[in-house]
A.B. asks: 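Supplied in structure tokens, the structure appears directly below.
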Amino acid sequence: MVVYTPPMGWNTWNTFGLQINEKLILESARTMIDSGLRDAGYEYIVLDDGWSLPHRDENGRLVADPEKFPRGIGALADDLHAMGLKLGIYSCAGLMTCGGFPGSNSYEFEDAQTFASWKVDFLKYDYCYKPQHERGDQLYQRMAMALNNSGRDILLSACSWGADETEKWIRSTGAGCWRSTVDIVDSWESIKALAKRQRGLMGCNAIGCFNDMDMLVTGMNGNGNVGLAGCTDTQYKTHFALWAFLASTLMIGCDIRNMSEETARILKNPGLIAINQDRACRQPFSVGGSFNFACGDDEDSFVWARLLDGGDLAIGMFNLSDHPRNLYFTLNDLALPRFCGRKLELTDVWTGEVCQVGEGLHMAKVDGGDCRVYRAKLIRA
Ligand code: GAL
């Protein structure tokens with residue numbers, strides 16, 4: 001299966017941990033539709049760790065916990081498919097999942113067959129309890145081969161947290177996305193740390209296998225399994241903008257059944273989703289910095305651009321510091337010096353405001369934790 005754009009969906013882990021069940025999944029699926037998230041592009045509903053019984057059956061097959069999923073996974077997949085959604089499930093390349101349930105190590109072909117028979121569409125594949133003598137690349141490769149030979153299109157979402165220099169081998173394995181970060185928690189510190197770590201990995205992200213910066217915490221407000229301090233809506237907005245701009249997978253992690261209007265507005269922002277899903281998936285490059293602070297990217301402010309399919313540009317200014325900064329980009333850094341006879345028309349993806357940049361630089365005062373993201377058109381100067 002070839003993956004052409006970053007996968008989008010909702011995953012149970014951030015809020016519900018191991019406490020998942022069919023009722024929760026169906027209510028969340030219904031919310032995906034009623035809230036417009038499905039129509040905005042979110043299509044996978046992913047059951048993370050905790051869906052199975054702690055032991056395989058007498059034939060060595062994985063079994064869904066009958067208390068949590070009384071009708072089994074296949075019936076749930078049918079329901080989701082009828083709603084225009086897809087079902088994701090979770091297993092592990094090691095002997096057990098991180099939560100202590102059976103892993104798929106040395107059962108790869110059997111489990112892929114089971115998932116295919118349940119009409120699963122997506123497999124998140126973790127890295128806990130990996131036998132030390134086994135190679136990560138081979139374990140992901142074996143599961144990818146098993147899925148590719150299962151008779152069903154099942155996207156392999158690798159989750160080895162960047163361990164063992166995952167970035168050097170993951171594209172050879174057949175995974176469709178890979179966790180390029182450690183686990184997120186619901187705090188601004190965690191968001192900042194993951195974004196900074198991503199700077200060195202932007203060149204790995206391309207069609208076929210996308211960087212996965214971990215599930216979104218937007219809208220968690222300190223609640224649930226990875227709930228911590230929580231963030232302000234401005235920080236959640238910047239978090240979403242960063243993940244979208246960097247073409248990460250977009251997996252919602254809050255309880256969407258109770259999300260606020262502001263959370264829904266952030267998660268459905270059409271301009272950012274279009275940038276995230278841009279067909280070219282070109283690597284971002286640095287085009288400016290913080291005016292009174294430093295030239296070029298510094299630790300806490302990033303100003304990046306991406307060339308989009310069809311000729312537009314995406315330009316993002318991100319202030320991860322705690323204080324307002326004057327962030328800027330220059331036309332020279334965009335390879336558009338004055339003599340080339342073109343200027344930019346910027347549309348702010350949050351406010352819809354339009355402005356033009358004729359020469360030199362564009363500067364904006366961006367509050368601490370805030371961002372600006374523009375879609376830019378080239379027009380005649
Ligand atoms: C971690 C993984 C999390 C979640 C958890 C389940 O290894 O990074 O996203 O899947 O395991 O136990």
Side-chain angles (χ1 to χ4, degrees), residues 6-21 24-25 28 44-54 62 64-65 68-69 73 87-105 111 115 120-132 134 136 139-140 143 154-167 170 173 175-187 190-191 193-195 197-198 201 209-220 223-228 239 243 248-255:
M8 295 173 67
W10 174 80
N11 174 302
T12 53
W13 181 253
N14 276 4
T15 297
F16 300 99
L18 302 174
Q19 313 308 319
I20 58 178
N21 58 58
L24 165 70
I25 301 304
S28 301
Y44 292 103
I45 297 253
V46 183
L47 313 183
D48 206 288
D49 206 352
W51 61 269
S52 81
L53 282 178
L62 291 170
D65 183 329
K68 295 175 173 173
F69 297 97
I73 303 296
L87 177 66
I89 208 161
Y90 164 96
S91 188
C92 186
L95 302 170
M96 285 192 294
T97 73
C98 306
F101 294 89
S104 291
N105 189 288
D111 290 354
F115 299 144
V120 163
D121 305 292
F122 178 109
L123 174 66
K124 174 171 171 180
Y125 205 45
D126 218 327
Y127 208 51
C128 282
Y129 302 103
K130 179 186 82 73
Q132 282 213 335
E134 296 201 68
L139 294 178
Y140 283 98
M143 183 47 98
I154 302 179
L155 193 161
L156 177 60
S157 163
C159 180
S160 59
W161 331 294
D164 301 332
E165 301 183 303
T166 312
E167 68 276 10
I170 194 65
T173 64
C177 57
W178 70 288
R179 265 282 293 287
S180 51
T181 61
V182 295
D183 282 23
I184 198 166
V185 290
D186 181 23
S187 77
S190 170
I191 290 166
L194 300 194
R197 153 106 178 109
Q198 206 59 23
L201 297 170
C209 186
F210 290 92
N211 292 10
D212 171 0
M213 295 169 67
D214 205 0
M215 281 87 73
L216 298 161
V217 293
T218 299
M220 287 189 67
N223 300 310
N225 186 40
V226 306
L228 218 64
H239 162 44
W243 267 231
S248 168
T249 58
L250 295 178
M251 289 287 168
I252 299 169
C254 69
D255 183 354

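Whatever order the structure lists them in is the order used to number ligands and atoms, beginning at 1. Positions are given from 1, in the same order as the sequence printed here. This one's a predicted model, so the numbers in the text were calculated from it and none came from an experiment. No hydrogens, no waters, no symmetry mates; every other heavy atom, side chains included, goes into these values.
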A.B. asks: Could you check, using the six-membered ring where one of them is a Trp, whether W10 and Y44 have ring centers closer than 6.0 angstrom?
C.D. replies: no
A.B. asks: Do any nitrogen or oxygen atoms of D214 lie less than 3.5 angstrom from nitrogen or oxygen atoms of ligand 1?
C.D. replies: no
A.B. asks: Please identify which atoms of ligand 1 are closer than 4.0 Å to at least one heavy atom of W161.
C.D. replies: 1 (C), 2 (C), 7 (O), 8 (O)
A.B. asks: At a 4.0 Å threshold, what atoms of ligand 1 neighbour a non-hydrogen atom of C159?
C.D. replies: 2 (C), 8 (O)
A.B. asks: Do you see a donor-acceptor pair shorter than 3.5 Å between the side chains of D126 and T97?
C.D. replies: no
A.B. asks: Can you find a non-hydrogen atom of D126 under 4.0 Å from ligand 1?
C.D. replies: yes
A.B. asks: Measure the distance from atom 12 (O) of ligand 1 to every protein heavy atom, then report the residue, atom name and distance (to 0.1 Å) of the closest one.
C.D. replies: D49 OD2, 2.8 Å
A.B. asks: Set out, in order, the CA-CA distance, both residues' side-chain angles and the distance that settles side chain to side chain contact (heavy atoms under 4.5 Å, CB included) for I45 and I25, then state yes or no.
C.D. replies: CA-CA 8 Å; I45 297 253; I25 301 304; 3.8 Å; yes
A.B. asks: Which ligand 1 atoms, with their elements, are less than 4.0 angstrom from a heavy-atom of Y90?
C.D. replies: 6 (C), 10 (O), 11 (O), 12 (O)
A.B. asks: Can you check whether W243 reaches I191 side chain to side chain, under 4.5 Å on heavy atoms?
C.D. replies: yes
A.B. asks: Just by distance, do the side chain of N211 and the backbone of C177 share a donor-acceptor pair under 3.5 Å?
C.D. replies: no
A.B. asks: Quick one: nearest non-hydrogen protein atom to atom 9 (O) of ligand 1, plus distance?
C.D. replies: K124 NZ, 2.7 Å
A.B. asks: Quick one: CG on D214 to CE on M251, what's the gap to the nearest 0.5 Å?
C.D. replies: 10.5 Å
A.B. asks: Measure the shortest side-chain to side-chain distance between S160 and D164 over non-hydrogen atoms and say whether it is less than 4.5 angstrom.
C.D. replies: no
A.B. asks: Distance only, no hydrogens: is a donor on one side chain within 3.5 Å (strictly under) of an acceptor on the other, for S180 and E167?
C.D. replies: no
A.B. asks: Under 4.0 Å from a heavy atom of D183: give me the atoms of ligand 1 that qualify, with their elements.
C.D. replies: 1 (C), 2 (C), 3 (C), 8 (O)
A.B. asks: Give me the residue, atom name and distance of the protein heavy atom closest to atom 10 (O) of ligand 1.
C.D. replies: D48 OD1, 2.7 Å
A.B. asks: Say whether Y127 and ligand 1 are in contact under the criterion: heavy-atom distance to a ligand atom below 4.0 Å.
C.D. replies: no
A.B. asks: Considering the heavy atoms of C98, write down every atom of ligand 1 situated less than 4.0 Å from one of them.
C.D. replies: 1 (C), 7 (O), 11 (O), 12 (O)
